[in-house]
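Here's the structure we're looking at; comments come further down.
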Amino acid sequence: MTEKFTGSFTQQDPIPEAGIDAALAVLRHGRLHRYNTTPGELSETALLEQEFAAYVGAPYCLAVASGGYAMATALRAVGVKPGENVLTNAFTLAPVPGSIASVGAVPVFVGVTEGLTIDLDDLEGKLDQARILMLSHMRGHLCDMDRLMAMCDAAGVTVIEDCAHTMGAAWNGVPSGRSGAVGCYSTQTYKHVNSGEGGFLVSDDAEIMARAIMLSGSYMLFESHLAAPPIEVFADIKYDTPNISGRMDNLRAAILRPQLADLATQCARWNERYFALEKGLRDTPGLAIVERPEQETIVGSSIQFLLLDWSADNVNDVLARCAARGVDLKWFGAPEPVAFTSRYDSWRFAPSTPMEASDRVLASIVDMRVPLTFSLEDCALIARIIRAEVSAVYQANAGA
Ligand SMILES: *Cc1c(COP(=O)(O)O)cnc(C)c1O
């Protein structure tokens, strides 16, 4: 009998009951705008910012309308200028180069290693081309952050971290988003907490955060924030900074606060599922596991494996066979962008030259989401299906 998987790769956990209750309370009082409070009332948004700041150990936090908005706001707040180069990962998702393009700046792509992190040797050679690095921790893979920060500090390059896939992760115990000048996070449905849309910025830098708060559309109401720099920091910034509205609202904040309180538990559940999949896939002929460094605290909300040097036809064959058995895999190597996958050379608004070693890696990346609605048995079954289909194609082609 051929086993099939019948679950959904896009079904997340429901919103916790405490979040539903808090959302209903906001709906009943009607004060959804973050600055619409009664005397003495602390808004859900201000409380969420305070709680997220504490969670990552940052003095300052701003909640905003999306992760992409957080990244564009970070770029503006560090002073990026139109036409300026911004270094970023070749292996990432479209909102990352999009955030750079949204401020009129120009992405300069840096290669990817077989560990699926930014190629630090390639970065070293490109550090003289830009003042800013938008570092994407794509699919949760953290590079050697100690080496990266030492290189960027020495070159005077400001690092902004895209932590859309690393909320809850850490390098050498330092939470993702706390090494660079700004950490940006997403609270969109497919990330680690779910408010439909939403995001955060965190920083230690008072001026950057004051600018970000003004940019987000705080008018002169920033005094009601609970994770903002002191009022004096806004003295000139409040006159000099344009309002580019993108605030978080109290309804989303109410949904997020109980999820943030549960995040450590959820991260542990993701990792149980991730390591069950990894165990089931290990030692499959032709398939390379992406090994995780011991310095990395992971959140396994998705898993990748490599089919290195396989032909496109054989990779497509694996995807089709797995899909026929209910397993929805994505291939980052497809020449045409499909669903959320695309390659640096499909972002034609940004100039790029081919990077041979990175192209070999990108052509091999197979990706799968790991929703928490999967059981551990589901993960074992999915791994059996992938193992069987990869092995069948590999053997039929005597080495794919
Ligand atoms: C989702 C995502 C973002 C942006 O988040 P949104 O909240 O959807 O704007 C940024 N970077 C990566 C790698 C993402 O996957």
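Order of listing sets the numbers, starting from 1, for every ligand and every atom in it. Just so you know, these numbers use all the heavy atoms, side chains as well, and skip hydrogens, waters and symmetry mates. Every value quoted in this text rests on a predicted model; they were computed, and no experiment measured them. When a residue number appears, it is its place in the shown sequence, counting from 1.
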ask   = Should the proximity of T187 to ligand 1, defined as any heavy atom under 4.0 Å, be assigned to the side chain, the backbone, both, or neither?
value = neither

inquiry  = I'd like the name of whichever of R139, H165, K191 reaches closest to atom 3 (C) of ligand 1 through any heavy atom.
reply    = K191

task = Considering only non-hydrogen protein atoms, determine which one is nearest to atom 11 (N) of ligand 1 and report residue, atom name and distance to 0.1 Å.
result = D162 OD2, 2.9 Å

message = Taking the six-membered ring for Trp, are Y35 and F222 closer than 6.0 Å centroid to centroid?
response = no

task = Ignoring angles and geometry beyond distance, decide whether Q188 reaches within less than 3.5 Å of ligand 1 through its nitrogen or oxygen atoms.
result = yes

task = Determine, using ring centers only, whether Y190 and F340 are less than 6.0 Å apart.
result = no

ask   = For ligand 1, which atoms sit closer than 4.0 Å to a heavy atom of G68?
value = 4 (C), 5 (O), 6 (P), 9 (O)

task = Decide if the gap between the ring center of H165 and the ring center of Y185 is smaller than 6.0 angstrom.
result = no

Min side-chain heavy-atom separation W347-T92 under 4.5 Å = yes

query = Should M71 be listed as contacting ligand 1, given a heavy-atom distance under 4.0 Å as the test?
reply = yes

key: Sub-4.5 Å side-chain heavy-atom contact between R76 and I244   = yes

ask   = Are side-chain heavy atoms of W171 and D144 found at a separation under 4.5 Å?
value = yes

Carboxylate-amine/guanidinium proximity below 4.0 Å for E124 and R147 = yes

request  = Check whether any N or O atom of L93, backbone or side chain, sits under 3.5 Å from an N or O atom of ligand 1, and answer yes or no.
outcome  = no

query = F332 and ring pair (Phe, Tyr, Trp, His ring centres under 6.0 Å): which partner among F305, Y344, F91?
reply = F91

inquiry  = Considering both backbone and side-chain atoms of Y69, is one of its nitrogen or oxygen atoms within less than 3.5 Å of a nitrogen or oxygen in ligand 1?
reply    = no

message = Taking 4.0 angstrom as the limit and counting only heavy atoms of A164, give me the atoms of ligand 1 inside it, by number and element.
response = 2 (C), 3 (C), 10 (C), 11 (N), 12 (C), 14 (C)

message = List ligand 1 atoms under 4.0 Å from S186, heavy atoms only on the residue side.
response = 5 (O), 6 (P), 7 (O)

note = Atoms of ligand 1 under 4.0 Å from any heavy atom of V96, numbered from 1 in the order shown, are 11 (N)

